[in-house]
A.B. asks: 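Below is the structure I would like to discuss, written out as structure tokens.
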Amino acid sequence: MDGSGLPETRSTCPYCGVGCGVLLRPDGAGGLSVRGDPDHPANRGRLCSKGSALAETVGLGHRLTAPLVNGTETPWDDALQLVADRFRATIDEHGPDAAAFYVSGQLLTEDYYVANKLMKGFIGSANIDTNSRLCMASTVAGHRRAFGTDTVPGTYEDLEEADLVVLVGSNLAWCHPVLYQRLLAARQARGTKIVVIDPRRTATCDEADLHLALAPGSDVALFNRLFSAIHDSGAVDSAYLTHTEGFVPTLEAASTTDASVTGLTEAEIEAFTRLWIGTEKVVTVFSQGVNQSSSGSDKVNAILNCHLATGRIGKPGMGPFSVTGQPNAMGGREVGGLANMLACHLDLENADHRTAVRDFWQAPTAPDRPGLKAVDMFRAVGEGRIKALWIIHTNPAVTMPDADAVRAAIRGCDFVVVSDVTGQTDTARLAHVLLPATAWAEKEGTVTNSDRTISRQRAVLPAPGHSRPDWAMLAEVGRRMGWTAAFDYESPAEIFREYAALSGIAGQFGRDFDISGLGGLDDDAYATLAPTRWPVSATREGGRFFADGQFYHPDGKARMLPVTHRAPAARTGPRYPFRLNTGRLRDQWHTMTRTALSARLSAHLAEPFLDIHPEDAARLGLSAADLVKVTSPTGSAILRARITDAQRPGDVFAPMHWTGETAPSARIDTLVAAVTDPVSGQPESKAAVAAVTRFDAAWYGFAVSAAPMSPDADYWALARTTTGYRMELAGRAPVDNWETAARQLFQASEAEAMTVIDTARGTARVALFDQGRLIGALFVAPEPVAVMRDYLTQLPGTADTAVLSGRPPADRPDPGPTLCACFNVGVNTIVQAVEGEGLATVEAVGAALQAGTNCGSCRPEIAALLTRIRQREAAE
Ligand SMILES: Nc1nc2c(c(=O)[nH]1)N[C@H]1C(S)=C(S)[C@@H](COP(=O)(O)OP(=O)(O)OC[C@H]3O[C@@H](n4cnc5c(=O)[nH]c(N)nc54)[C@H](O)[C@@H]3O)O[C@H]1N2
Ligand SMILES: Nc1nc2c(c(=O)[nH]1)N[C@H]1C(S)=C(S)[C@@H](COP(=O)(O)OP(=O)(O)OC[C@H]3O[C@@H](n4cnc5c(=O)[nH]c(N)nc54)[C@H](O)[C@@H]3O)O[C@H]1N2
Ligand code: SF4
Ligand SMILES: [Mo]
């Protein structure tokens, strides 16, 4: 409770793996207020921009509320009977391996557990894989090779107790913002040094003591060099070495490595190795720049080797630390959501483990070989080997590599079931059966975050329409396929108890994942379960792993692994000269089905883009704001060019977020080849090859509107605004009549029009009004349109007739693109305050404008803006 009298409920943010606690207070009218939970150990009350905007994403406008079979509303009974019948018929006719589930690290543990049990225990195939294959698989493989188990040794506190934090392939400031804020607070307090290893200069670099812009894919060479330097400088912990195997061959492989492939100078490399070796309390954080690589598992082991050799693992302030991406990426790994795992860290390849799980489930079968990993799974779908596919809580038609091929494969599959909260996704549009899931804030269960803390998600809003939780759909299909007793669940609490009991069996096999201590939770205790770090058993609770030298290989020792540098699989050359890197933006979540509902979050970066170095841009004759056509061996995209020296020459970067719904010509994964790491099966999402040319548009457009638009253009990108929508457009074919085109775009044939059209110059401005209120305005020019966008987005719905000027009257300054999403403060507002009032620090900007004072996600950008203003002033 707080002052308002309405009860608040504790839950967990549904976005990133930091796993922040939130306090939710429903307003009784379908809305919510959200604040950080001061008592949650992950965030102690903090939230980032995405967490702070959660309340803006719970509206029901886009929601799917009833099952659809071939587009027709159908009662649950019929829809689920159809799913059960079709899976049954497929298995009977073609065997269990003709069926597959593709699930998600955003599923709750209880959902995941039921999906895994149904596929591996009852359908009898291991063909269940998860989008964690695109995310954490290389870390899972690396951990298992080194430790004999997939376990993150440390805790978040280690980032605060370290003297050096090395961020490898991690844009922590944008992707794990609250953890990053914790790191910055520690840096303020104790002077923690920060090193960022990333080919591009990201927001995370703003606070770094050292940024190593290495060549893409060369991390193994860098860490091998560190390994030999550890040996040469006498920093090896020989006592700890007795708990490991493999030092000699690892050193041999490391010493033969040529570190020049990193493209870094000797001085840079030495600065790094000296700092790392000289600082005992070092945490090496790694993320997708490491995992999403055809040598991802080797990159992971190259990092682990250095921590094992120095014994810097599992002790306060020391250790390798893989930060998980999705809110339950870790839970999915525990539950056995990957095609090559069983459940509770038990091994599919181990006959005793298989028997134990089968007996526990009283299941007819247990698969004795791994199922298909994501990329192979969709290949099998494309080749017709998988004939019944259930996709749950993920959008593979956008996020899988070679996305056009994946989309075609799903389209061609005999029977496709998709469970989602909305029907408006590239994948959902391909479903034969579309099942409405209850969303975050409407459902109950648990998630495990990056530091092994299990937290509850709790329902505070009613399930809209006929929507049901994912576990309930899966269990019902299990029952309808004939396994009544095995899937006779009534609540997530019941599922959780079963899962905890199974983990106790894993514990008896000596596995580390043991939460049997939670097996006795009754419904009330489950309802009030506080955040708890595993393990939780009779013998162990929480804490760190491996400082004692106890590992999970049969001999109890860790393995150091000789690894050698391998360049990314796709080679650049005359046809595809650029290395294409992809990743995330601060205020969007993956395919934007939720974050794009928030106007504030959409205002940070409203359009897909390609970052390119000024030298490359000059060679290609690109100017700022030009559109570019990017092609690769698998596909093509049209993106806005952003010219920036944050890129290395020859490297380009594009965000992964845009889809057929928001910018159909900017689906980035159409460009990414489906090559994978041979050990983990994780795709190389960060190192595609591409050619870039200027996109020759005949016209460019910008539009604002109150209602959704119907564009007809080669390029368009849509974003929400506080008054409706905004859209960037461009086309190759000349348009005869811009008023007609505007009426078509705004679906307003009858509206009153105001137009300024200059056919000779190719410019047009059209505003449409309904009873004096602006429906929409379209601005067209033969070059990228120069209008005050952030001002114009405020006008739909108003009676402003000066809209066609495209710029604000003198008394209404244009705030510029939103930098601070929490308080909606634009770049121009900050620049004016900095220049006008002489503000010199991020704190001063906060005191004057509030910007950066809530979640803090924009503080690195405010700092960068201050630096730019200072540099400009110095140059003037
Ligand atoms: N705002 C936001 N936050 C998110 C998400 C989101 O969608 N939006 N998604 C969540 C999920 S699921 C995940 S997995 C995490 C991902 O979190 P991160 O891994 O931090 O994010 P990415 O942007 O995918 O990639 C990180 C960096 O890897 C760099 N990189 C590329 N190639 C290499 C290389 O060869 N070596 C090295 N050292 N670096 C390289 C890229 O330049 C990029 O800056 O974020 C989570 N948090
Ligand atoms: N090029 C490139 N590609 C990448 C990456 C990259 O860095 N670069 N990163 C990869 C990584 S790390 C990841 S994790 C993936 C993420 O990729 P995806 O998982 O495909 O992306 P999301 O947008 O998170 O998809 C989640 C879907 O679940 C739906 N949903 C929301 N809540 C619920 C619910 O409660 N139940 C159900 N059933 N559905 C729900 C959402 O509407 C949405 O359609 O992308 C991968 N692809
Ligand atoms: S850091 Fe942000 S997105 Fe991640 S869990 Fe916390 S509030 Fe949610
Ligand atoms: Mo991820």
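Residue numbers count from 1 along this sequence. Note that the coordinates shown come from a computational prediction; the quantities given were computed from them, not determined experimentally. Just so you know, ligand 1 is whichever comes first in the structure, and atom 1 is the first atom listed for that ligand.
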A.B. asks: Have a look at Glu56 and tell me which of Arg600, Arg594, Lys50 forms a salt bridge (Lys or Arg N to Asp or Glu O under 4.0 Å) with it.
C.D. replies: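 The option that passes is Arg600.
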A.B. asks: When only distance counts, is Lys299 in polar contact with ligand 1, meaning an N/O pair under 3.5 Å?
C.D. replies: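 Checking ligand 1 against Lys299, an N or O pair does fall under 3.5 Å apart.
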A.B. asks: May I have the step-by-step check of side chain to side chain contact (heavy atoms under 4.5 Å, CB included) for Thr591 and Thr425, ending in yes or no?
C.D. replies: CA-CA 8 Å; Thr591 66; Thr425 80; 5.8 Å; no
A.B. asks: Any idea which atoms of ligand 3 are less than 4.0 Å away from a heavy-atom of Pro177?
C.D. replies: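 Taking each heavy atom of Pro177 in turn, ligand 3 has 1 (S) under 4.0 Å.
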A.B. asks: Walk me through whether Asn328 and Arg333 qualify under side-chain hydrogen bond (donor to acceptor under 3.5 Å, both in side chains).
C.D. replies: CA-CA 9 Å; Asn328 202 28; Arg333 284 147 69 179; over 6 Å; no
A.B. asks: Name the option, out of Cys48, Ala53, Gly51, that contains the heavy atom nearest to atom 2 (Fe) of ligand 3.
C.D. replies: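 Comparing heavy atoms across Cys48, Ala53, Gly51, the nearest one to atom 2 (Fe) of ligand 3 lies in Cys48.
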A.B. asks: Is the shortest N/O to N/O distance between Val168 and ligand 1 below 3.5 Å?
C.D. replies: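 There is no such contact.
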A.B. asks: Output the list of atoms in ligand 1 that are nearer than 4.0 Å to some heavy atom of Trp174, sorted by atom number.
C.D. replies: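 Atoms satisfying the 4.0 Å criterion: 1 (N), 2 (C), 3 (N).
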A.B. asks: Closer than 4.0 angstrom, basic N to acidic O: yes or no for Arg667 and Asp426?
C.D. replies: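 Salt bridge: yes.
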A.B. asks: Would you check if there is a donor-acceptor pair between the side chains of Thr12 and Gln457 at a distance under 3.5 Å?
C.D. replies: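 Per modelled atom types, Gln457 and Thr12 side chains form no pair under 3.5 Å.
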A.B. asks: Answer side chain, backbone, both or neither: which part of Cys20 comes under 4.0 Å from ligand 3, heavy atoms only.
C.D. replies: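 Within the 4.0 Å criterion, Cys20 contacts ligand 3 through backbone and side-chain atoms alike.
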A.B. asks: To the nearest 0.5 Å, what is the distance between CG on Asn224 and CG on Asn305?
C.D. replies: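 Between atom CG of Asn224 and atom CG of Asn305 there are 7.5 Å.
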A.B. asks: Under 4.0 Å from a heavy atom of Gly217: give me the atoms of ligand 1 that qualify, with their elements.
C.D. replies: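 Here the atoms of ligand 1 in question are 34 (C), 35 (O).
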A.B. asks: Below 4.0 angstrom from a heavy atom of Ser287, which ligand 1 atoms are there? Numbered from 1 as shown, please.
C.D. replies: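 This gives 16 (C), 17 (O), 18 (P), 19 (O), 20 (O) as the contact atoms.
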A.B. asks: Val196 and Cys205: which non-hydrogen atoms are nearest, and at how many Å?
C.D. replies: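 Here Val196 and Cys205 meet closest at CG1-SG, 3.8 Å.
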A.B. asks: Taking Asp402 for the side chain and Ala674 for the main chain, is one N or O donor matched with an acceptor at less than 3.5 Å?
C.D. replies: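 Between the backbone of Ala674 and the side chain of Asp402 there is no qualifying donor-acceptor contact (under 3.5 Å).
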A.B. asks: Ignoring hydrogens and geometry, is there a side-chain-to-backbone donor-acceptor pair from Arg458 to Arg10 under 3.5 Å?
C.D. replies: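 Yes.
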A.B. asks: Applying a strict 4.0 Å limit to heavy atoms, is Leu585 in contact with ligand 1?
C.D. replies: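 For ligand 1, residue contact (heavy atoms, under 4.0 Å) with Leu585 is present.
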A.B. asks: Please report which non-hydrogen protein atom sits nearest to atom 8 (Fe) of ligand 3, along with the residue it belongs to and the distance in Å to one decimal place.
C.D. replies: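 Residue, atom and distance for the closest contact: Cys13 SG, 2.3 Å.
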A.B. asks: Run down the list Arg201, Lys686, Gln588 and name the one with the heavy atom closest to atom 31 (C) of ligand 1.
C.D. replies: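 Shortest heavy-atom distance from atom 31 (C) of ligand 1: Lys686.
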A.B. asks: Give a yes-or-no answer on whether the side chains of Thr394 and Ser104 include a donor-acceptor pair shorter than 3.5 Å.
C.D. replies: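 There is no such pair (donor and acceptor under 3.5 Å, judged by atom type) between the side chains of Thr394 and Ser104.
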A.B. asks: Counting both backbone and side chain atoms, is some N or O of Ser218 under 3.5 Å from an N or O of ligand 1?
C.D. replies: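 No, since none of the N or O atoms of Ser218 sits under 3.5 Å from an N or O of ligand 1.
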A.B. asks: Quick check on Met656 - does any of its heavy atoms sit under 4.0 Å from an atom of ligand 1?
C.D. replies: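 Flag not set, Met656 not near ligand 1.
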A.B. asks: Using 2.8 Å as the threshold, say whether any N, O or S atom from Cys16 sits that close to atom 4 (Fe) of ligand 3.
C.D. replies: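 Cys16 does place an N, O or S atom closer than 2.8 Å to atom 4 (Fe) of ligand 3.
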A.B. asks: What atoms of ligand 3 come closer than 4.0 angstrom to any heavy atom of Lys50?
C.D. replies: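 Counting from 1, the qualifying ligand atoms are 3 (S).
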A.B. asks: Checking a contact table here: which protein heavy atom is nearest atom 14 (S) of ligand 1, and how many Å away?
C.D. replies: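 Looking at atom 14 (S) of ligand 1, the protein heavy atom closest to it is Gln288 NE2, 2.8 Å.
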A.B. asks: Report yes if some N/O of Gly169 lies less than 3.5 Å from some N/O of ligand 1; otherwise report no.
C.D. replies: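 It does: an N or O of Gly169 is found under 3.5 Å from an N or O of ligand 1.
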A.B. asks: Can you tell me if Met136 has a non-hydrogen atom under 4.0 Å from ligand 1?
C.D. replies: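 No heavy atom of Met136 comes that close to ligand 1.
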A.B. asks: Just which atoms of ligand 1 are under 4.0 Å from any heavy atom in Pro216?
C.D. replies: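 Selected atoms, number and element: 35 (O).
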A.B. asks: If you round to the nearest 0.5 Å, how far is OG of Ser11 from CG of Leu24?
C.D. replies: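 Those atoms lie 5.0 Å apart.
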A.B. asks: Is a donor from one side chain sitting under 3.5 angstrom from an acceptor on the other, for Thr644 and Asp611?
C.D. replies: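 No pair is found: no donor N or O on one side chain lies under 3.5 Å from an acceptor on the other.
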A.B. asks: Which ligand 1 atoms does Gly583 reach within 4.0 Å, using its non-hydrogen atoms?
C.D. replies: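 The atoms of ligand 1 under 4.0 Å from a heavy atom of Gly583 are 23 (O), 24 (O).
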A.B. asks: Do Asp209 and Arg187 come close enough that some side-chain heavy atom pair is under 4.5 Å?
C.D. replies: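 A side-chain contact exists here, since the closest heavy-atom pair is under 4.5 Å.
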A.B. asks: Leu639 and Pro608: which non-hydrogen atoms are nearest, and at how many Å?
C.D. replies: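 Scanning both residues, the minimum pair turns out to be CD2-CB, 3.8 Å.
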A.B. asks: Can you check whether Gly325 has an N/O within less than 3.5 Å of an N/O in ligand 1?
C.D. replies: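 Such a contact does not occur with ligand 1.
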A.B. asks: Got the closest protein heavy atom to atom 34 (C) of ligand 1, with its distance?
C.D. replies: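 For atom 34 (C) of ligand 1, the nearest protein heavy atom comes out as Gly289 O, 3.4 Å.
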A.B. asks: Identify, by atom number and element, the atoms of ligand 3 in contact range of Tyr15, meaning under 4.0 Å from any of its heavy atoms.
C.D. replies: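 So the atoms of ligand 3 that pass are 3 (S).
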A.B. asks: Which of these passes side chain to side chain contact (heavy atoms under 4.5 Å, CB included) with Thr595: Leu601, Leu54, Asp587?
C.D. replies: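 Single pass found, and it is Leu601.
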A.B. asks: Mark up the atoms of ligand 3 that fall under 4.0 Å of a heavy atom belonging to Gly19, in ascending order.
C.D. replies: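 Answer, ordered by atom number: 5 (S).
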A.B. asks: Atom CZ of Phe823 and atom CG of Asn854: how far apart are they, to the nearest 0.5 Å?
C.D. replies: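 It comes to 5.0 Å.
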A.B. asks: Among all protein heavy atoms in this structure, tell me which lies nearest to atom 24 (O) of ligand 1, with the distance rounded to 0.1 Å.
C.D. replies: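 It is Arg584 NH1, 2.6 Å.
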A.B. asks: Side chain or backbone, does Thr202 bring an N or O within less than 3.5 Å of an N or O on ligand 1?
C.D. replies: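 In fact, backbone or side chain, Thr202 has no N or O that close.
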A.B. asks: Looking at atom 47 (N) of ligand 1, what's its closest protein heavy atom, distance included?
C.D. replies: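 Checking every protein heavy atom, the shortest distance to atom 47 (N) of ligand 1 gives Cys175 O, 2.8 Å.
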A.B. asks: Looking only at distance, does Val290 have an N or O less than 3.5 Å from an N or O of ligand 1?
C.D. replies: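 For ligand 1, there is no N or O atom that lies under 3.5 Å from one belonging to Val290.
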A.B. asks: Both conditions, 6.0 Å and 45 degrees, for the charged tip of Arg640 above the ring of Phe609: are they met here?
C.D. replies: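 No, a cation-pi geometry is absent between Arg640 and Phe609.
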A.B. asks: Would you mind listing which atoms of ligand 1 come within a distance below 4.0 Å of any non-hydrogen atom of Gln326?
C.D. replies: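 Selected atoms, number and element: 12 (S).
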A.B. asks: Report, in ascending order of atom number, the atoms of ligand 3 lying under 4.0 Å from any heavy atom of Val178.
C.D. replies: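 Listed by number with element: 1 (S), 6 (Fe).
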A.B. asks: Which residue holds the protein heavy atom closest to atom 36 (N) of ligand 1, what is that atom called, and what is the gap in Å?
C.D. replies: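 Ranking protein heavy atoms by distance from atom 36 (N) of ligand 1, first comes Asp219 OD1, 2.8 Å.
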A.B. asks: Near Leu47, which atoms of ligand 3 are under 4.0 Å from a heavy atom of that residue?
C.D. replies: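 Ligand 3 atoms under the 4.0 Å threshold to Leu47: 7 (S).
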A.B. asks: Flag Asn581 as yes when one of its N or O atoms lies below 3.5 Å from any N or O atom of ligand 1, and as no otherwise.
C.D. replies: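 Asn581 vs ligand 1: N/O contact under 3.5 Å present.
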A.B. asks: Would you say Asn171 and ligand 1 have an N/O pair spaced under 3.5 Å apart?
C.D. replies: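 Looking only at distances, the answer is yes, because the N/O contact criterion of under 3.5 Å is met.
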A.B. asks: For residues Thr659 and Glu661, is any side-chain donor paired with an opposing acceptor at under 3.5 Å?
C.D. replies: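 The criterion, which ignores hydrogens and geometry beyond distance, is not satisfied for Glu661 and Thr659.
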A.B. asks: Among all protein non-hydrogen atoms, which one is nearest to atom 44 (O) of ligand 1, and what is the separation to 0.1 Å?
C.D. replies: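 Checked against all protein heavy atoms, atom 44 (O) of ligand 1 sits closest to Asp198 OD2, 2.6 Å.
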A.B. asks: Of all the non-hydrogen atoms in the protein, which one sits nearest to atom 12 (S) of ligand 1, and at what distance?
C.D. replies: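 In this structure, atom 12 (S) of ligand 1 has His590 NE2, 3.0 Å as its nearest protein heavy atom.
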A.B. asks: At under 4.0 Å between heavy atoms, which part of Cys16 makes contact with ligand 1: side chain, backbone, both or neither?
C.D. replies: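 Near ligand 1, Cys16 shows its side chain, while the N, CA, C and O stay back.
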A.B. asks: Any donor-acceptor pair under 3.5 Å linking the side chain of Thr155 with the backbone of Asp451?
C.D. replies: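 Such a contact is absent between Thr155 side chain and Asp451 backbone.
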A.B. asks: Should you measure from each heavy atom of Cys135, which atoms of ligand 1 turn up under 4.0 Å away?
C.D. replies: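 So the answer, numbered in order with elements, is 14 (S).
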A.B. asks: Quick check: Arg586 and ligand 1, any N/O pair under 3.5 Å apart?
C.D. replies: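 Yes: some nitrogen or oxygen of Arg586 is under 3.5 Å from one in ligand 1.
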